[in-house]
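Got a structure here, written out as structure tokens. Questions coming.
Within every chain, numbering begins at 1; the chains are lettered A, B, ... in the order of the sequence lines, protein sequences first and strands thereafter. The basis for the numbers below is simple: all heavy atoms, side chains too, and nothing from hydrogens, waters or symmetry mates.
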Amino acid sequence: MIINLIGFLIIPLIGIMALILNNYTKSTSQKNITIISMCSTAVLFLVGLVYGFGGFDVSLVQSLDFSFSLVTNSLSTPFILLSVFVPLIAIISLNREKSESSTIFHIFYMLAYMSAIIVFISGNLISLFLFWEVTVLSMFFIISLFGDGANKRSAMKFLIFTQFGSLTLLGAFILVFIYTGSFSLTTLFATASSIPSIVSYTIFIFILVTALIKMPVFPLHEWLPDAYLSAPMSGTVFLSAVMSKLGGYILILFGLELFPSILHRFSIPLLILGIIAVIYMAFAASGQKNLKSMLSYSSAFYMGLVFIGIVSTSVSAVTGSVILMVSHSFIIASLFAMSSMLFSRIGTHDIYKSGGVMKRMPVLTFFFVFMVFATLGVPGLSNFVGELLIFIGSYSVFPFVLVSLVGLLVATNYYLNSVRKIFYGTLHSSLKKISDISLVEIFGLSLFSFFVILIGLYPSLIIGSFGVI
Amino acid sequence: MINSEYILFAGIGLAIIVDLLRKELHIEKQFYLHALTLIILVASFLTEIFYGNMSIPFYSGAQYSYFINGFLLFLSVVIYSFIWADGGAEGSTYLDILFLLAVGGAMLVVLSSNLLSMAVAIEMLSIASYGLVYFQKSDRHLEAAVKYLTTSVVSMAILLFGISLVFAGSGTLSFTSLYNINFIPFVAGVVFVVVGLAFKSTLVPFHMWAPDVYEASDSAITAFLSSISKTAGLVALIRIFFFAIPVSHMISTLFLGIALVTIFFSIFLATVQDRIKRILAYSSISQAGFAFIGLGLFTANGLFASVFYIFSFAIADALIFLAYRLFEERGIIYRKDAKKMRSVSAIGLAGVILGLLSLAGFPPTIGFFGKLLIFESILGSGYVYILIALFFILLFSTFYYFGLLSDTGFGQEMETRKKLLTKSPRMRVKEIIVLILILSLFAGIVFA
Amino acid sequence: MLFFILLPAIIATLLIPLFRKEYSFIVSITGTALSLILSGYHFYAGFGKIIEQSYTWMTVNGYSIVLSTVSNNLTLFMATLVSFISLMVLIFSTFYMKKEPQKRFYAEMSFFIFSMLGLVISNSLLLFFVFWEFIGVSSYLLIGFWYSKEAPSAAGKKALVITRIGDMALLAAIIILFTAVHTFSLSSILNELSVIPPATMAIVSVLLITAAFSKAAQFPFYTWLIDAMEGPTPVSALLHSATMVAAGAYLAVLVLPIIQSAGMTGLVTGFGFLTSLIAAFLALRERHFKKILAYSTMESLAFMFLAIGTANTGGAVFYLFTHAVFKSLLFFVSGVLALSFGTYDIYKIKSRGSRKSWVLIPSLIGFLSLSAIPPFMSFFAHLSITYGFNFYENVGFVVISFLTALFAFRAFFIIFSSNRSRPTLKDPAAYFPVYILAAVSSVGGSFLLFFNNLLPIQYRLDMFSYLSLVAAALGIYMALELFYYKKASRMVAKLYLLSDRIANYRYDNILLYTGNSIVGFGEVVAEFDNVLARSFSRLAASAMYLSSKSRRIQNGDALSYIDAIFIGMVALLLLVVVML
Amino acid sequence: MIPFQDILILTSVLFAIGVYGIISKRNGIYIIISIEIIINAAVINFAFAASFLNEISGAVYAILVLIMAVFEAVVFMSLMIELSRKKGTVDISKVGKFRG
């Protein structure tokens, strides 16, 4: 209990203050401040992991039961893990971004970072929603101010979609409040059964829409290709690695912990939806010619698997989903980071316009192939555990989920194809002068790989860290 | 019995006398007049806090009057000090009196307990605001005044005719004894009254004057119109329909319909505007729709939500129009100019951004809590479909709120600080006022 | 601890990057040699015993997910065989890969050896799958070793994609089995087969057969194997002898009871025959030495599946062993020839003069072994695989024996019928493994006796065995006539034409079309998604258009605003009246 | 005694006349006159209702309304003077720079 959860709010806020001050004093680069405050947060997390976290509760508005309360629930730890480490490692390894020298960018990045963590530990629905919205807003600005291409339009599209999701989330929260008289999660867990069934269906559908948009899963994923493509790479990393997990988190929290019976009833249709989504995303990804959009679709593909795991309501599958979310977070972040490193050197995301890069960049190639295998679910690496548990769990609910293995097959094809087109083959004549990645980048990628291997070999670390639902 | 209204009216009298005797007393400098007005407002505000409102026949408040009059006075202090700091008032002699009268009118509307006394208060507010709109005698203000006045007198006539029908129907105008819903002239009268008040509250289709007038007026006056004046209209509607006239399900449906149409229409039109102020004007109109939803539900929750929502959007509206005033004088009119805003005033930009966020309902601004309460009261009454419809409409609003936000491009490098314009002391004062409003945008949450 | 067998190989993989390039092979060879010693020791010490060891990986939902290894005669024998062949291959690599970047090669090789060793000792199907995937990954890396050329990287990708079909099938099968019996342990699963409903059993067997076939390059998955010849020759030798393709057969051996109880053995046999016929005919037309060997690998694997299909696991394993030996021998020979003459094309090797090469005798031994001529040990293996055959299978096998001998000696005679002679490269690292393997092939028949202690092996020496022998001799004779003396009889020419026709029909085109259509479908979906995404934008745009049109309502005329007020008023009045 | 309905009809007709006047005319003076007609209708309503219902307050209201009408007329006329001085017209449709 040595670490109070409020530290997750305070340290990043201090970082933001330091960024603002630094803008006037110019004593160090913005990135250093960001990294230092994120590192402190990470240390805080690690210490807290060992010694336990203390809750925090301040009531702000009595009539609305709005209190700023931070508690760890049975789910939080894996999610804090990913949201603490992934953005940190991403910002360490991405050091050729054009947004790098902008204070505003770092402020928004810190804001998004902080609020994503707070969402996972919020004990009050309003503060959850508050920080949920802050992540959306920060990402909107990161895309719209620092993105490239049709960034303004993509940002708007992203905002429109996620905002709809946020509104349905808010609707669900309000319904919960009306029927339980409280926004507090703990009260909610105790009184969820008192909500009339028709209302809980409505709440569930609202939450489902939110999760579908946020994760995103097939019919509501339309913002994804644009937003992921236009965002600056660190933004894309954050979107895919952290933001999409918010959807999974909320779906588990509400769908499974609060209204398991409803989810159970909808399980089969949702599983069918999930299977369609997975197959669709796999094929959509295989048709991409741009590395970044391929990775985006592939990210959506894995979130589809996560969705399957969650809606199957089987304990092992949900466990698998959590593990897959954590692992996918690290893997996709590193893949995006590597595509950025590649882009900064060869100047194109087009898979078919480069080739033979391995000759000049063996280290990057090593990491890329490693992460491709990790994402394809090679055992010993983290994705495998998640996929395995998801399939084991959901198979007993609905045998046809195994159809989504076809998606993995297609994924194998397009991932290897991109590896082959980019890294193998004869070196493109224009690429004779490129150099391999720097030590810092290697360090970042090694950290990613470390987590991927760690979770892959000892999944019990994650499984043990959250209670059986 | 000391109370804020007495202070205010005594102050108005004092101001009139001082104004009249200016020549004789050799008070040449405007400074003293403005200071006097501000002192009157502040004194009235403080009295309001400590002693409350007056309670006499025809003018005795409802449970929320204390709160509403409090924030009306607060806003008027802020707006007036802004006008003063802005220096726009220097050409006008009677601005102080007009402003005090308008504020007094608005407060009386909130307090009135009789239809006709309410009409008189509205008249007082209206006539003073005509003057306010035209207090700088330029062409655009003339246009604003003409439009406002022409449409307003028509609505006033309708309101008065409606009141007369109500009287004819029920034989009384006191809110405590209005009934007799089945008498056709009475019902028609109520409809006319609604029309008259909806005009003030800028509900569709009686809103059409608002974008033009809001845009053409001085921004500080727009801030007044869109916050204080509109509050008065909405509160009048609340007073009538919550405390006087027995309502039925039908009226509720009608009102919700009006509210949805208002929100939709204004948001729909706001999306394609290319002038910043017009966007703000339309968004201000849409806020009235939201507040009207809480009213249209006719539940205790709805009332509370509505009052709080009025408070929240009044503050946000005042904030954005005042903050926009800082940019308007530098010629930032169109959306495409918005990226210059950063170089004019950072605080002003923050004001516009936070105000927009509040209007868009982003947490943790006060606007979010307003919307939260509105949504809650909607769901509490079981109108899930209305909520879903609102979600879609709100998506539309994201277009212009966030389009404008990203147009401001405030992230475009703080490093351009060198190019920042030098700021006059006047600008500093105005920025401080904006800052106060920004703070209240967050501090207001405590009233939720 | 059985697990120790794996350690040297994986440690070697991890250590290689730390060493200098020139020493990487030492690390790798040391590791593999240690593995060989350890597995040999285990084999010796644990002979006849069955020891299972397990380790709980994680516990989910009350179920423990257990990784377990088993040491019994089969696994230990396989481990010894794998490490032996691997050692030979590594030694040969020091000859073959002298000029290539070495670190990566030896690291990948060691990893491959590690995976294969892990595969053979695993008892838990999950652990089996883990190493199965590792094999896929490392084969991908090894086949595509020469990344800067187009063909090897394509071949590596193809290998992984196609074998991953099997991987997914295996994963599905494992999941289904786990759901049925709640354990991954193969021995427990085999004990509880009666619990599983027949329909599930059928599905599981089909999946398992798919998995085995895709790894073992059986019809219709065989194309990756042929393309994989783009990889370095030591890699081909390793992949084709005791390891990767053998993993498929090994899986089939392990899960044979499941396939049997589902009654799917016919499927295995049928596809085995089909594959062997296709392979033999295709090999007849091939000019590329390594591809001929690849076809023969296909065929040999098909033989193993024939044995498995007749529930003759002993025969299958014995043939696996003999095949591993002579096939790696032949690959070494091809590697030596290719390095010496710079080509794998048998006609070009011939024209560049291979008459008096030192590999003549070893390759003769290899080819004779391939054709199952006594006393070479493949002959005995043939005796044992045919044990369970019925009449038709026997007849088919005779035909295949003929074809095998024909294509084998076609290659042999073409290569060594050169009238010129040029020195072939000589290196201890080349002829040490070649001679050892040749020796094993020659005298390996005696292993049959030993094998009887190891695994129950039956063999049969009857009319059909003699017939096969005669057919093989006929094949050799025919090859001699055709390709050495170059006088074709009409019948032979016709047969050859037939094979030509069969070979011309590209089976792998089917796969190619399937692959292309999948990719094409992906493009269609991507385009659809694009349209979907754009349609949202278009929706927004049309709303914008509407809204810009409706701006005209606000025409700036105060009087029309008043009109609007009246209209609204009248509308309200009407509404109220109607609603009252 | 005139029936109350008749009075209501009368005032409604007056109201309609006023509305017609506002709609049909562009001239500010006409408009304020029409508005006065409407307000006068209201005054008549008040007065008759007062006598009909024996509510003396109605008479007071009527007078108050009259006073308000005067105020409005005064403000309106003064603005029209300002308008005609600046634009040379009292046609309200002529001011329409801000629109959209």
So with a 6.0 Å cut-off around CZ of A:F400, is the heavy-atom count from everything else above 12?
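Not buried by this count: 12 neighbours or fewer within 6.0 Å.
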Indicate the atoms forming the closest heavy-atom contact of C:V161 with A:L409, along with that distance.
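Shortest heavy-atom separation between C:V161 and A:L409 comes out as O-CD1, 4.2 Å.
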Counting heavy-atom pairs closer than 4.5 Å to chain C, which one of A:M156, A:Q288, A:K157 comes out on top?
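Most heavy-atom pairs within the cutoff with chain C belong to A:K157.
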Check the orientation of C:Y147 and A:Y424. Use parallel for under 30°, tilted for 30 to 60°, and perpendicular for over 60°.
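Rings of C:Y147 and A:Y424: tilted, as their planes differ by 30° to 60°.
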For chain A, find its close neighbours in residues 170-183 of chain C: heavy-atom separation under 4.5 Å, sorted by number, or none.
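From residues 170-183 of chain C, the residues near chain A are C:L171, C:A172, C:I175, C:I176, C:F178, C:T179.
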Can you name the closest pair of heavy atoms from A:S286 and C:G522 and give their distance?
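Scanning both residues completely, I find the closest heavy atoms to be OG-CA, 3.3 Å.
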Could you tell me which portion of C:T59 (side chain, backbone, both or neither) has an atom closer than 4.5 angstrom to a non-hydrogen atom of chain A?
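Just the backbone, heavy atoms under 4.5 Å.
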Residue part contacting chain C, namely of A:V369, when any heavy atom lies under 4.5 Å
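Contact with chain C involves the side chain of A:V369 alone.
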Side chain, backbone, both or neither: which part of C:W132 has an atom under 4.5 Å from a heavy atom of chain A?
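Neither part.
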Name the region of C:A154, side chain, backbone, both or neither, that has any atom closer than 4.5 Å to a heavy atom of chain A.
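Both parts, heavy atoms under 4.5 Å.
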Where A:E222 and C:D529 come nearest, the two heavy atoms and their spacing:
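In this case the closest contact between A:E222 and C:D529 is OE1-O, 3.7 Å.
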What part of A:F373 lies closer than 4.5 angstrom to a heavy atom of chain C: side chain, backbone, both or neither?
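Just its side chain gets close to chain C.
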Answer with side chain, backbone, both or neither: which region of A:L405 has an atom nearer than 4.5 Å to a non-hydrogen atom of chain C?
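Backbone plus side chain of A:L405, per the 4.5 Å heavy-atom cut-off to chain C.
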Closest approach of A:P379 to C:E133 (non-hydrogen atoms, all atoms of both residues):
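Scanning both residues, the minimum pair turns out to be CD-CB, 3.2 Å.
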A:I160 versus chain C, heavy atoms under 4.5 Å apart: side chain, backbone, both or neither?
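Neither the backbone nor the side chain of A:I160 comes within 4.5 Å of chain C.
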Heavy-atom distances under 4.5 Å only: say whether A:F161 touches chain C with side chain, backbone, both or neither.
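A:F161 touches chain C through side-chain heavy atoms alone.
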Which bit of A:Y297 is near chain C, if near means a heavy-atom gap under 4.5 Å: side chain, backbone, both or neither?
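Contact with chain C is through the side chain of A:Y297 alone.
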Region of A:Y415 in contact with chain C, defined by heavy-atom distances below 4.5 Å
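The answer is neither part of A:Y415.
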C:Y140 versus chain A, heavy atoms under 4.5 Å apart: side chain, backbone, both or neither?
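Looking at C:Y140, just its side chain touches chain A.
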Sort out for me which of A:S314, A:A284, A:P399, A:G377 touches chain C most, counting heavy-atom pairs under 4.5 Å.
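Most heavy-atom pairs within the cutoff with chain C belong to A:A284.
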